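Because the structure is a prediction, the values reported are computed rather than measured. Chain letters run A, B, ... following the sequence lines, proteins first, then strands; residues in each count from 1.
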Amino acid sequence: MEYNFREIEQKWQQKWVEEKTYQVAEDKSKPKFYVLNMFPYPSGAGLHVGHPLGYIASDIYARFKRLQGYNVLNPMGYDAYGLPAEQYAIQTGQHPEKTTFQNIDRYREQLDKIGFCFDWDREVRTCAPGYYKWTQWAFQKMFGSFFSKSPLPTSPKGEESHAAGKARPIEELVDFFEQKGTEGLEDFGVAQTENLMFTAEEWNSWDEKKKSDVLMNYRIAFMGETMVNWCAGLGTVLANDEVVDGVSVRGGFPVEQKKMRQWCLRVSAYAQRLLDGLDTIEWSDSIKETQKNWIGRSEGTEVQFKIASPLPTSPKGEESHAACSSTENLTANNPDGNHSPLGETEGASFTIFTTRADTMFGVTFMVLAPESELVEKVTTAEQKAAVEEYIKYVKGRTERERMIDHKVTGVFSGSYAINPFTGEKNPIWISEYVLAGYGTGAIMAVPAHDSRDYAFAKHFGLPIIPLIEGADVSEESYDAKEGIVCNSPRKDVKPYIDFSLNGLTVKEAIAATKKYVKEAGIGRVKVNYRLRDAIFSRQRYWGEPFPVYYKNGIPTMIPEECLPIELPEVDKFLPTETGEPPLGNATVWAWDEVNKKIVENKKIDNKTVFPIELYTMPGFAGSSAYYLRYMDPHNDQALVSKDADEYWQNVDLYVGGSEHATGHLIYSRFWNKFLFDLGVSCKEEPFQKLINQGMIQGRSNFVYRIKDTNTFVTLEKKDQYDVTPIHVDVNIVSADVLDVEAFKAWRPEYNTAEFILNDEGKYVCGWAVEKMSKSMFNVVNPDMIVEKFGADTLRLYEMFLGPVEQSKPWDTNGIDGCHRFLKKLWKFMTSPLPTSPKGEESHAACSSTDNQTANNPDGNHSPLGETVGASKEELKALHTLIKKETADIEAFSYNTTIAAFMVCLNELTKLKSESREVKETLAILLAPFCPHLAEEFWHLLGHTTTVCDAPWPAFNEDYLKEDSVKMMVAFNGKARFPLEFPADVTKEDAEKAALENPQSAKWMEGFTVAKVIVVPGKMINVVLKK
RNA sequence: GCGCUUGUGGCGGAAUUGGUAGACGCGCCAGACUUAGGAUCUGGUAUCUCCGAUGUGCAGGUUCGAGUCCUGUCAGGCGCACCA
């Protein structure tokens, strides 16, 4: 009987569908386990061998957990909205839904061939109205919420407040404004875009529009005017993680900074909780570090500096310098001082953020970001032209240019700021090296201890004052945060204030300065985060529409009971002629407030019928809470029912690529924390354990064309010519040798090309390991492997390749080894062959063999030889595997599990094992890796139920116990020869035996024994001395 | 520049708390069976000056003993990158 994988796999895949083997329901009698894969974007290229790697790894774990008695949820779905389908639609006119569904069908077909235990009844598609209803719903909830560290006086009493703050209904904030305006609001740590100030009277006097605008400053989902990444090539804005090296990740179009009105999510409000949560989850250090980096918490100090020069509106520029001296009466301790030179009393100072408060005495200049609103205020008349020219230069530089060359540029504003610690007037410069979006958009420059300030000071000839004992700043700045502070204040200068940091360590000096700044009322301790609010709107068609209409300019939520608001039909997917997003092409896209339905645009009267939002949501919207939806995918009353959420809790094991570290994995954590605050999700972190599967790289092949000719040279000779490498399809190269005719057929433009072959008459290709992608022509399709070797071999091989988390090149060389193993296993499990002519009858034999014993090797063997009890050796081999596999699957060390399986099989084959116990156990142990074959074995052993529900074999230590142990005898740590001992040998006996052994004499000659170290069961090390 | 991570045969990779380095597989070599072999089976396979010595990127250290721990250093991969 041959191992006919095609027949077996087809049979079981069909059976699993028929018997709904993988359907799962809440079952309170069993512990739950939730396994999740990052759902795929169904691209037109289909799956390649890299995709299933993570799916197989999680499938094995899911099956293993099920065998251990868990109720396992292992769902799958599609991240179906996205740019490629839309770009394709623009080019071909095909509706993106059509191509998306085609791609989904293709994916499904490919996935089905690999034998995953997905519960397809729970499939979700982000583009399905029943799904995105809840995306829209969550957005509306965010719109209706604000975030504060502690409850407002207007919040309901007795609520449990999260240490780092939580989302609360916006109505609480409105009540607060009605009573107090913004007075005292800062005490509650309300997350906001800008620090607005208004009174209750002002608030109450404002109209709806104004109130709406003000509330946008606080809402978690809000409309904001922000600098966005505008991608003209795609006609849309992009999130930071969708832009790499100044170009779009999708399509590679240039991206520029532009100020636009966009929907945003106040992710920054959750910065601290996103950071804190990392300590509670089992993710790799590298992903946690990446997220910490992205969140970018930095604890520092905000310090106010007063501006010491007249405003540019002062009549004569010439006088501005003279004015400097007249401001010396403004001291740090005199906030009520006469501000007259500055015209207005407000705005006469500005705030900077620093983490190096200890360096206050080394400030020699100040720098503002070019985009800072302060620039206008501090620019003097005489510097106006220079500043304007500089701003123009900065605006002309793209994000990319700024990223690539960090050249030192800047311009003097003409104004000075008074250092509150030294009283010195520090010139205020404007430079692109200071970012508007971080801190306050203004810094104090300490060139001695900051390399960027140092470069700037050197370039513009500004003074550099070292503040740390022994720091040599003649060549470069001393950035380290360690050492003893000096020059603070300088000994030769009369102190300006009664404050000194000299002699303190940097750490102490920072603390002392913070204390002083607070007490003197010139600043405060501040924590800044790099994490920015997420831009949440896109000017595209193929995304979730916003459930928002514009009531006389006020963004208004469509009532919750009317959701979902379905994506309208359009006749083209491009922006309209007036530059509106594609939804501007829709003719039925207006909200009838009275009848609560979507109506034709022409009915818009701005009385009861209003225009609907034309933006759509970004890709991460639909992927942020999908894991909750899988728990209860058909519920149309709630995102997830309380029951389902409480049963499934959160994902126990999440498997996916590390490329989502700063995108999806931040957004979904944020989204889930918000839903947690709402009480929708009972767990604050969505993904308890995260495994990042490595990338399977492809082996790209190249041919070498001599430049400006139509001649190709083989690899060996390529260095003799000036050649251009050209990628070659992986399918027309075998063992590095190109099929020249196939190449010509593949690339007709080279039909007449000449190929210079090597001495053996072959064309040898060059190769490199690269990411698997269509454009490299190195994509290996899993279907081909399944066709040739079967899904079980593919599964086994992908796991045998190496640790799951490690990237590795795809190489088909080893696949034979895995296939061979399964064939050997087949032979072992199905031998001895049936004595009865018909295979069908063999099953009956199972029950009729009870009378046969282990001591009856001559017994009548039924197909799977279940007549014989297992011998001691067999049980030892088997239980070694049970132990190893159980521990290794838990540790995701699948490659070593497979190795152990191979060892066990070799052992059992040698022992000619025919025991039913052994074979049944092997079938179960095989089930996570090769489910088809395991089912077949299970079935051949006479079982009628699925192997998925078999009990995981219990490991019995007794079978591993040996009567004797082998111990290595070593001299000075060098192993020399092994000795056998009874298992219970004492240290003394072992030592004695080792020293007395004749072999030892050779090694001990000329030495005396200094001591002997006996490691029980392992080794006897004799330490020798001359 | 900062952070994370990885360096072991011809190749992919194994090595609980430090305790026989190279499991398992590929490849290669030899043999068996064959009309045949890209089938199957058996044996071998780190290196060298081969009764011995040397070997886990490199240089030190701790230890009776180091792939494993410590210090420094080099190289590759990934992430962040003017974040004050």
Side-chain angles (χ1 to χ4, degrees), chain A residues 244 284-294 296-298 300-301 352-357 359 367 369 402-403 405-408 431-435 437-446 449-453 455-456 479 528-532 658-659 661-662 692 694-695 697 796-797 800-803 805-818 820-821 823-824 827 884 887 891 893 895-906 909 966-978 1002 1010-1025:
Chain A
V244 169
S284 72
D285 285 346
S286 72
I287 294 271
K288 282 188 182 181
E289 277 305 315
T290 303
Q291 291 216 340
K292 278 182 194 164
N293 227 317
W294 195 257
R297 182 183 207 270
S298 81
T301 316
I352 59 91
F353 175 77
T354 182
T355 54
R356 291 298 300 274
T359 60
V367 190
R402 257 171 112 160
M403 231 145 43
D405 76 306
H406 289 178
K407 60 183 169 192
V408 180
S431 173
E432 58 179 331
Y433 88 88
V434 173
L435 306 175
Y438 184 74
T440 59
I443 63 152
M444 60 178 213
V446 186
H449 301 296
D450 182 285
S451 52
R452 297 153 304 184
D453 298 345
F456 195 85
D479 289 14
N528 264 337
Y529 300 92
R530 255 183 50 200
L531 186 70
R532 307 292 170 81
S658 56
E659 67 272 18
T662 54
N692 299 114
M695 196 176 41
Q697 294 141 319
L796 199 68
Y797 179 59
F800 190 58
L801 223 42
E805 300 192 67
Q806 199 170 300
S807 287
K808 52 234 151 187
W810 178 256
D811 174 7
T812 47
N813 285 337
I815 203 158
D816 291 310
C818 286
R820 213 171 288 161
F821 163 70
K823 279 199 278 191
K824 275 191 237 172
K827 204 168 151 191
K884 180 93 179 137
S893 181
N895 54 332
T896 53
T897 307
I898 296 165
F901 218 118
M902 289 169 170
V903 173
C904 178
L905 177 64
N906 288 343
T909 306
K966 192 171 74 175
M967 286 170 79
M968 207 63 192
V969 180
F971 296 88
N972 285 339
K974 286 195 171 27
R976 294 303 175 186
F977 58 87
K1002 184 172 83 188
K1011 87 174 145 171
V1012 179
I1013 291 151
V1014 179
V1015 183
K1018 295 249 163 94
M1019 65 157 25
I1020 302 152
N1021 187 20
V1022 182
V1023 184
L1024 299 170
K1025 260 200 308 203

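Per the geometry, CD1 belonging to A:I352 stands 12 Å off P belonging to B:A84, to the nearest Å. Atoms CG (A:N895) and C1' (B:A15) sit 12 Å apart, rounded to a whole Å. Between the P atom of B:U6 and the CD atom of A:E289 lies a distance of 14 Å, rounded to the nearest Å. At whole-Å resolution of the value, CE in A:M1019 and P in B:G18 are 14 Å apart.
Residue contacts for A:M902: at a heavy-atom cut-off of 4.0 Å it reaches the sugar-phosphate backbone alone, with no base atom in range. Residue A:V434 is in base contact, counting any heavy-atom pair closer than 4.0 Å across all strands shown. Counting any heavy atom pair closer than 4.0 Å across all strands shown, A:R297 reaches no nucleic acid atom. Note on A:V903: only backbone sugar-phosphate atoms sit closer than 4.0 angstrom, heavy atoms only; bases stay farther off. When heavy atoms are screened at a 4.0 angstrom cut-off, A:N528 is found touching no nucleic acid atom at all.
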Tabulate protein N/O versus nucleotide N/O from nucleotides 8-12 of chain B, keeping only pairs under 3.5 Å, one per line.
unit_1: B:G12; atom_1: O2'; unit_2: A:L801; atom_2: O; d: 2.5

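Rounded to a whole angstrom, the distance from the C1' atom of B:U45 to that of B:C24 is 15 Å. One P atom belongs to B:C11, the other to B:U16, and the distance between them is 23 Å to the nearest Å. Remark: the separation of the P atoms in B:U47 and B:C2 is 41 Å, to the nearest Å. Spacing of P atoms, B:G22 relative to B:A15, comes out at 13 Å, to the nearest Å. One C1' atom belongs to B:A14, the other to B:U68, and the distance between them is 14 Å to the nearest Å.
Taking the side chain to side chain donor-acceptor pair (under 3.5 Å) definition, one finds that A:N528 meets it with A:K526, sequence neighbours left out. Remark: A:T909 pairs with no residue by the side chain to side chain donor-acceptor pair (under 3.5 Å) rule, at least two apart or across chains. Take A:A887 and apply the side-chain contact (heavy atoms from CB on, under 4.5 Å) test, not counting sequence neighbours, and it matches no residue. Remark: A:N972 pairs with no residue by the side chain to side chain donor-acceptor pair (under 3.5 Å) rule, at least two apart or across chains. Under the side chain to side chain donor-acceptor pair (under 3.5 Å) criterion, A:K884 pairs with A:D888, sequence neighbours left out. Judged as a salt bridge (Lys or Arg N to Asp or Glu O under 4.0 Å), and not counting sequence neighbours, the contacts of A:R356 are A:D358. With sequence neighbours excluded, the residues that form a side-chain contact (heavy atoms from CB on, under 4.5 Å) with A:K407 are A:Y393, A:R397, A:D405, A:T409. A:R820 pairs by the salt bridge (Lys or Arg N to Asp or Glu O under 4.0 Å) definition with nothing, not counting sequence neighbours.
Considering only the side chain of A:A899, B:A23 comes nearest among B:A84, B:A23, B:U20. For A:N1021, whose side chain is taken as the heavy atoms from C-beta onward, the closest listed nucleotide among B:U20, B:C64, B:C4 is B:C64.
Taking only side-chain nitrogens and oxygens, A:K884 never comes nearer than 4.0 Å to OP1 or OP2 of B:U16. Side-chain nitrogen and oxygen atoms of A:Y433 include none within less than 4.0 Å of the OP1 or OP2 phosphate oxygen of B:A84. An OP1 or OP2 oxygen of B:G25 is reached within less than 4.0 angstrom by a side-chain nitrogen or oxygen of A:N906. Taking only side-chain nitrogens and oxygens, A:R976 comes nearer than 4.0 Å to OP1 or OP2 of B:A53.
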Check your understanding: What does nucleotides 39-48 of chain B look like as a protein-contact string, B for base, S for sugar-phosphate only, - for none, at under 4.0 angstrom between heavy atoms?
Key -> -SS-------
Point to revise | Sequence-aligned protein contact record of nucleotides 74-80 of chain B, with B where the base is within under 4.0 Å of a protein heavy atom and S where only the sugar-phosphate is | key: -----BS
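Classification of the A:W810-A:Y797 ring pair by plane angle, with boundaries at 30° and 60°, yields perpendicular.
Atom CG of A:L796 is separated from atom CZ of A:F901 by 9.0 Å, given to the nearest 0.5 angstrom.
Under 3.5 Å, the side chain of A:K966 and the base of B:U20 form at least one donor-acceptor pair of N or O atoms. For B:U20, its base never sits under 3.5 Å from the side chain of A:K974 at any donor and acceptor pair.
With a glycosidic angle further than 90° from 0, B:C64 counts as anti. Annotated as anti: B:G76, whose O4'-C1'-N torsion sits more than 90° from 0.
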Review point. For RNA chain B, what dot-bracket results from Watson-Crick or G-U pairs at under 3.5 Å, with [ ] for crossers and | for inter-strand partners?
Key: (((((((..(((......[....)))((((((.......))))))(((...)))..(((((..]....))))))))))))....
